[in-house]
Peer 1: 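Questions regarding the structure given below will be posed in turn.
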Amino acid sequence: MKAADAERIYLDHAATTPLRLEARAAMEPFLFGTAFGNPSSLHYDGQLAKRALDSARDILAGALGCQFSEVAFTSGGTESDNAALLGVMLANRSRGDHLIVSQIEHEAVGDTARFLQTLGFSVTFLPVDPFGRVSPESVAEALTSQTVLVSIMHASNEVGTVQPLRQIAEIVHAHGAYLHTDAVQTFGQLPVTLEALGADLITVSAHKVYGPKGAGALVVRSGISFEPLLHGGGQERGRRSGTENVAAIAGFGEAVRLQLPERDTEAARLTSQRDFLLAALRDRIPTLVLNGHPAERLPNNLNVSFPGLDAESLLLSLDRAGISASSGSACASGSIEPSHVLTAMGLPEDCIHSAIRLTLGRGTTREEVVRTVEILTGIVERLSGRLGLPQGRGLPLR
Ligand SMILES: *Cc1c(COP(=O)(O)O)cnc(C)c1O
């Protein structure tokens, strides 16, 4: 890494987080050391690896408030989402063929729901309000005698809005259907347990909680019929065949173990930094629009629009100035498509095209936030000036 990288400001923690050193240390014996055994092998070497899986599973079960046997390790959030939707819908055909998801789900849920449609299942895509919230009433209206599963994310990776899941869960359960939630963004920031959310299935991912990429978990409440995506050796109690990624899972466990006791104080710290960032930006850029819910949102998420400007220019300028941020909508292709989330929220075009997401994390300092305000204000003023848009007030920051 170049020395200059140390000075970069990373504000894209919703996309991924850096691996924490303790998690890396927990992985090392399984990557480079003598603990290379296959956890399914009955001999000493296998059992060494098995112990690492058991200990990570124990930590995840504690964190997610479920039984040890209800945690299945996967390759990440995407696989867990795919497995949840396909696994429950395929195994419960006798109960019905209807799935309900929201219009603002991560693609791992949205595209899997569309795939299920091609297999003949019927899917309802629930709208959201202008804050990005799914109303429990809309869930109640969409439920039919054929509904097997409802999948609503705990919080949006894009605008940070937290859903009223408990209320939704009550309605879903009163109807005899199951609730899955993608809690990838909230895990490590808010309480995420079967009990707290009222969910039957929960998706989490290691690399969003300072663990390694390529590991995740799916909780499936015991007693729910589930058809695995992967068939084979029957690992993970038949829910996910294939030799486990032992090193990554050990790192995942360690990251979660350390994150839990820090969670609430860190969430409070992030909330206060995020609120300061928003207030300081608002002060200098009066045209700024906050996207998502003002209060019911992830501690680390700020999603803002600058009507008249475009997100791509803002992000390129930020990147050149040393700040990594995102448009929020996953742009695997590199070009920014209008966000399906902001579109579903019914935002005006000029807000959709100028929305950027700043997501803070453990390493984010007050100094970085202050520098971000200065840099972003300068960029917005320069780009606005070029277009003849109204300028910010530019009050002194310190
Ligand atoms: C990142 C993310 C995923 C995908 O997780 P991977 O582990 O990267 O596959 C799914 N859902 C949400 C909400 C995410 O933020």
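For ligands, and for the atoms within them, numbers begin at 1 and follow the listed sequence.
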Peer 1: I need the nearest protein heavy-atom contact for atom 3 (C) of ligand 1: residue, atom name and distance, please.
Peer 2: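 The closest one turns out to be His106 NE2, 3.5 Å.
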
Peer 1: Give me the nearest non-hydrogen protein atom to atom 8 (O) of ligand 1 as residue plus atom name, then the distance to 0.1 Å.
Peer 2: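 The answer is His207 NE2, 2.7 Å.
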
Peer 1: Please say whether Ser75 places an N or O atom under 3.5 Å from an N or O atom belonging to ligand 1.
Peer 2: no

Peer 1: Please state which part of Ser205 comes within less than 4.0 Å of ligand 1, counting heavy atoms only: side chain, backbone, both or neither.
Peer 2: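 For Ser205, only side-chain atoms sit under 4.0 Å from ligand 1.
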
Peer 1: Any donor-acceptor pair under 3.5 Å linking the side-chain atoms of Glu105 with those of Ser102?
Peer 2: yes

Peer 1: Strictly distance-based, threshold 3.5 Å: is any side-chain N or O of Asn301 a donor or acceptor partner for the main-chain N or O of Glu158?
Peer 2: yes

Peer 1: Please indicate whether any nitrogen or oxygen in Gly77 is less than 3.5 Å from any nitrogen or oxygen in ligand 1.
Peer 2: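 Yes: some nitrogen or oxygen of Gly77 is under 3.5 Å from one in ligand 1.
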
Peer 1: Could you name the option among Thr78, Asp182, Thr359 that has the heavy atom nearest to atom 10 (C) of ligand 1?
Peer 2: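 Nearest option to atom 10 (C) of ligand 1, by heavy atoms: Asp182.
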
Peer 1: Give the atoms of ligand 1, by number and element, whose distance to some non-hydrogen atom of Gly76 is under 4.0 Å.
Peer 2: 7 (O)

Peer 1: For residues 343-352, please give each side-chain donor-acceptor pair under 3.5 Å, one per line with the distance, not counting sequence neighbours.
Peer 2:
from: Thr343; atom 1: OG1; to: Ser339; atom 2: O; distance (Å): 2.6
from: Glu349; atom 1: OE1; to: His353; atom 2: NE2; distance (Å): 3.3

Peer 1: Angle between ring planes, Tyr210 versus His13, binned at 30° and 60°: parallel, tilted or perpendicular?
Peer 2: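 Because their plane-to-plane angle lies in the 30° to 60° range, the rings of Tyr210 and His13 count as tilted.
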
Peer 1: Give me the one residue out of Ile323, Leu302, Thr359 that meets side-chain contact (heavy atoms from CB on, under 4.5 Å) with Leu11.
Peer 2: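 In the set Ile323, Leu302, Thr359, the residue that makes a side-chain contact (heavy atoms from CB on, under 4.5 Å) with Leu11 is Ile323.
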
Peer 1: Taking Val134's backbone N and O only, do any of them form a donor-acceptor pair with Gln163's side chain (distance below 3.5 Å, no angle check)?
Peer 2: yes

Peer 1: May I ask you to check if ligand 1 and Lys208 share an N or O to N or O distance below 3.5 Å?
Peer 2: yes

